[in-house]
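One structure below.
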Amino acid sequence: MFLTITTTGTPERPATDLGFLLHKHPGKAQSFSTSYGTAHVFYPEADDRRCTAALLLEIDPVALVRRGRGKGRGGAPDAALAQYVNDRPYAASSLLAVALSAVFSSAMRGVCNARPEIAGQPLPLRVEVPVLPARGGPELVGRLFEPLGWAVTAEPVALDAEFPEWGDSRYVRLVLESGALTLAEALRHLYVLLPVLDDAKHYWVSSDEVDKLLRAGEGWLPEHPEQKLITSRYLSRRWSLTRQAMERLELVRLAEADDSEIEDIDNAVRAETETEEKPTPLAVQRREAILDALRESGAARVLDLGCGQGQLVQALLKDTRFTEIVGLDVSMRALTIAGRRLKLDRMGERQAARVRLLQGSLAYTDNRLKGYDAAVLSEVIEHLDLPRLPALEYAVFGAARPRTVLVTTPNVEYNVRWESLPAGHARHGDHRFEWTRDEFRAWATAVAERHGYDVALRPVGPEDPEVGPPTQMAMFVMNTAVSNAVKEAKTA
Ligand code: SAH
């Protein structure tokens, strides 16, 4: 399996910068062992004008079969000959994609400390894969790569050059050319689309493949016209995963559309009052109230659900009593900003072990969220359409079931006190609803009752005698007696 990436230079930028972008020196051939064999990186040509990096994957067919079987695939040993005698070792496929991500992981993320200014820039790029299995033929290859800004040449490879009457094989020689893409984008396209064209994964597809797909698809997959085919083939046509991915892509699209128009009304209020007496911004008061409640609860392992740009995660990290902190959000963009805020890439090992950011939607149960002491939903519920709220309720109180849950949401009654807020407007363009104190109390009480929690309501921010506080918080604590009784009733 073989793939080359070529770029050309300009007077300001020598082509050999490709070596910096790939984090692989053009003067050296390097080898990396992967689970299926050895990946070699070398440069067949490297001067200022033109530079080509080659990735050659040498597959160990025996390791391939062994590993496959270990994961519950591979069939009966006596029917195994076909597994040794097939095209896997020779054709570009999911194995090449995995090698690509292993060998060029920093480049795929667009990280380049040596040449940060070029990592984010489009480059003239030419990618060649001499033998690519392509189910759907050259026509599908075009439909997949062209919308992304590639000029595509996909020539069918004849079954046997000496006998053209035998027709074409299922392979093509692929050449992609573009001047509009960054190297990181190009690598992410290949990482997803090579296995999609092969349409036969070498490993069992599990639910974390959805995360990998969404990560690699960031910035292009949500808008791709063949999104459905790509998603379904990438996930080996596992219907439930495909549906999950499609729904998450839709949410990412919505969240990113919203993100650009949002900035919390708190910011506007802060800017307005900053010149006067500089009161503590509401967002800060809310964070303090949440931290106090978490400390009171004795929680050590905490989920921040709908963590946004990571301000609370950052505050939690500063207090060592919180030993494990997980931020989850549906918006990749918010998570990217959170990662930058936390300086995840420069964090020491001990600190890094305490924190994780996950992409996911609260409208689905998620096994990754089980087993924590506490969960925070700070200004999140009002971002869901009301009919989706029961799904969030189940995912948090029914499935994840942390001992403590903190929920904050605006008190709509207080809106008349915001000078900058026109009458009848929500505080934030993306709020699907805002509740009165009575409405929030009714919801919180019903949730607590349904799932075996006790709930107490607390004001956050200056409490107005007439309209109450600007933010309302509900603190749920699992009622172990009720919870046990429910469990017994279920098993009886
Ligand atoms: N908790 C943060 C951010 C609140 S803004 C704070 O208090 O400042 C609401 C956040 O919820 C956004 O980042 C949005 O992307 C996220 N969100 C909205 N719907 C979601 C869903 N279904 N699943 C997970 N996160 C969601």
Side-chain angles (χ1 to χ4, degrees), residues 3-10 13 15 17-24 41 51-55 92 94 96-129 132 140-154 174-197 211-227 229-231 233-234 245 248-249 252-253 256 259-260 331-333 335-337 339-340 345 359:
L3 172 151
T4 60
I5 303 172
T6 303
T7 191
T8 46
T10 63
R13 184 188 50 72
D17 275 357
L18 184 64
F20 288 109
L21 289 172
L22 290 171
H23 299 244
K24 299 287 172 285
V41 179
C51 181
T52 296
L55 174 67
S94 59
L96 189 55
V98 170
L100 204 65
S101 75
V103 175
F104 299 133
S105 65
S106 305
M108 237 173 97
R109 282 182 282 121
V111 176
C112 180
N113 296 331
R115 292 283 188 282
E117 69 287 357
I118 54 168
Q121 279 175 20
L123 288 180
L125 289 171
R126 181 180 189 281
V127 175
E128 177 164 356
V129 190
L132 174 72
L140 180 62
V141 179
R143 270 172 30 219
L144 293 180
F145 283 99
E146 274 161 9
L148 299 171
W150 292 104
V152 179
T153 314
L174 174 68
V175 178
L176 300 171
E177 284 165 302
S178 173
L181 298 165
T182 65
L183 181 66
E185 286 169 331
L187 291 171
R188 292 207 301 263
H189 296 165
L190 295 168
Y191 173 75
V192 174
L193 296 178
L194 294 185
V196 162
L197 282 164
D211 292 324
K212 288 189 199 155
L213 174 64
L214 295 186
R215 256 197 315 270
E218 194 196 331
W220 62 273
L221 187 54
E223 309 297 333
H224 198 293
E226 296 293 345
Q227 180 192 102
L229 177 140
I230 295 169
T231 306
R233 279 199 182 185
Y234 186 90
R248 275 171 59 183
L249 283 165
V252 171
R253 249 196 314 273
E256 300 203 329
D259 259 7
S260 46
S331 160
M332 216 52 173
R333 187 162 163 263
L335 290 172
T336 307
I337 297 171
R340 247 182 260 148
D345 50 342
Q359 203 251 343

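Below, each value reflects all heavy atoms present in this structure, side chains not excepted, and no hydrogens, waters or symmetry copies.
- Taking the six-membered ring where tryptophan is involved, the planes of His189 and Trp220 are perpendicular, since the angle between them exceeds 60° and thus also 30°.
- Contact record, Arg233 with Val196: NH1-O, 2.9 Å, taken as the closest heavy-atom pair.
- With rounding to the nearest 0.5 Å, the separation of OG1 in Thr52 from CG in Leu18 is 8.0 Å.
- A donor-acceptor pair under 3.5 Å is absent between the side-chain atoms of Thr7 and the main chain of Leu125, judged by distance alone.
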Leu144/Leu229 under side chain to side chain contact (heavy atoms under 4.5 Å, CB included): CA gap, chis, key distance, verdict: CA-CA 9 Å; Leu144 293 180; Leu229 177 140; 4.1 Å; yes
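- Remark: Gln121 CD to Arg13 CZ distance equals 7.5 Å, nearest 0.5 Å.
- Closest approach of Gly142 and Pro147 over heavy atoms only: O-CD, 3.8 Å.
- In this structure, the side chain of Lys24 engages the main chain of Val103 through a donor-acceptor pair within 3.5 Å.
- Judged purely by atom type and a 3.5 angstrom limit, Glu128 has no side-chain atom pairing as donor or acceptor with the backbone of Val175.
- At a threshold of 4.5 Å between non-hydrogen side-chain atoms, the residues Val41 and Leu22 do not count as touching.
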Audit row: Leu190, Leu100, side chain to side chain contact (heavy atoms under 4.5 Å, CB included) steps and yes/no: CA-CA 9 Å; Leu190 295 168; Leu100 204 65; 3.7 Å; yes
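- Under the 3.5 Å distance criterion, the side-chain polar atoms of Gln227 are matched with a main-chain donor or acceptor of Pro222.
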Would you give me the side-chain donor-acceptor pairs under 3.5 Å for residues 178-188, sequence neighbours excluded?
residue, atom, partner, partner atom, Å
Ser178, OG, Gly149, O, 3.1
Ser178, OG, Ala180, N, 3.0
Thr182, OG1, Glu185, N, 3.1
Thr182, OG1, Glu185, OE1, 3.4
Glu185, OE1, Thr182, N, 2.9
Arg188, NE, Ala216, O, 3.4
Arg188, NH1, Met108, O, 3.1

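- The two residues His224 and Arg143 come nearest to each other via the heavy atoms CE1-O, 3.5 Å.
- Here the straight-line distance linking atom CG of Leu174 with atom OG1 of Thr153 works out to 8.0 Å at 0.5 Å rounding.
- Closest non-hydrogen pair, Ala119 versus Leu21, comes out as CA-CD2, 3.6 Å.
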Working for side chain to side chain contact (heavy atoms under 4.5 Å, CB included), residues Val152 and Leu176: CA-CA 5 Å; Val152 179; Leu176 300 171; 3.9 Å; yes
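- Counting only heavy atoms from C-beta outward, the side chains of Ile118 and Phe20 never approach each other to under 4.5 Å.
- Between Leu221 and Ile230, some side-chain heavy-atom pair lies under the 4.5 Å cut-off.
- When side chains are defined from C-beta on, Leu123 does not count as touching Asp17, because their heavy atoms never get closer than 4.5 Å.
- Minimum interatomic distance between Leu214 and Ala245 (heavy atoms only, all atoms of both residues): CD2-O, 4.4 Å.
- Minimum interatomic distance between His23 and Ser106 (heavy atoms only, all atoms of both residues): NE2-CB, 3.5 Å.
- Residues Leu197 and Phe145 have side chains in contact (heavy-atom distance under 4.5 Å, counting atoms from C-beta outward).
- From Arg333, atom CZ reaches atom CD1 of Ile337 across 4.5 Å, with rounding to the nearest 0.5 Å.
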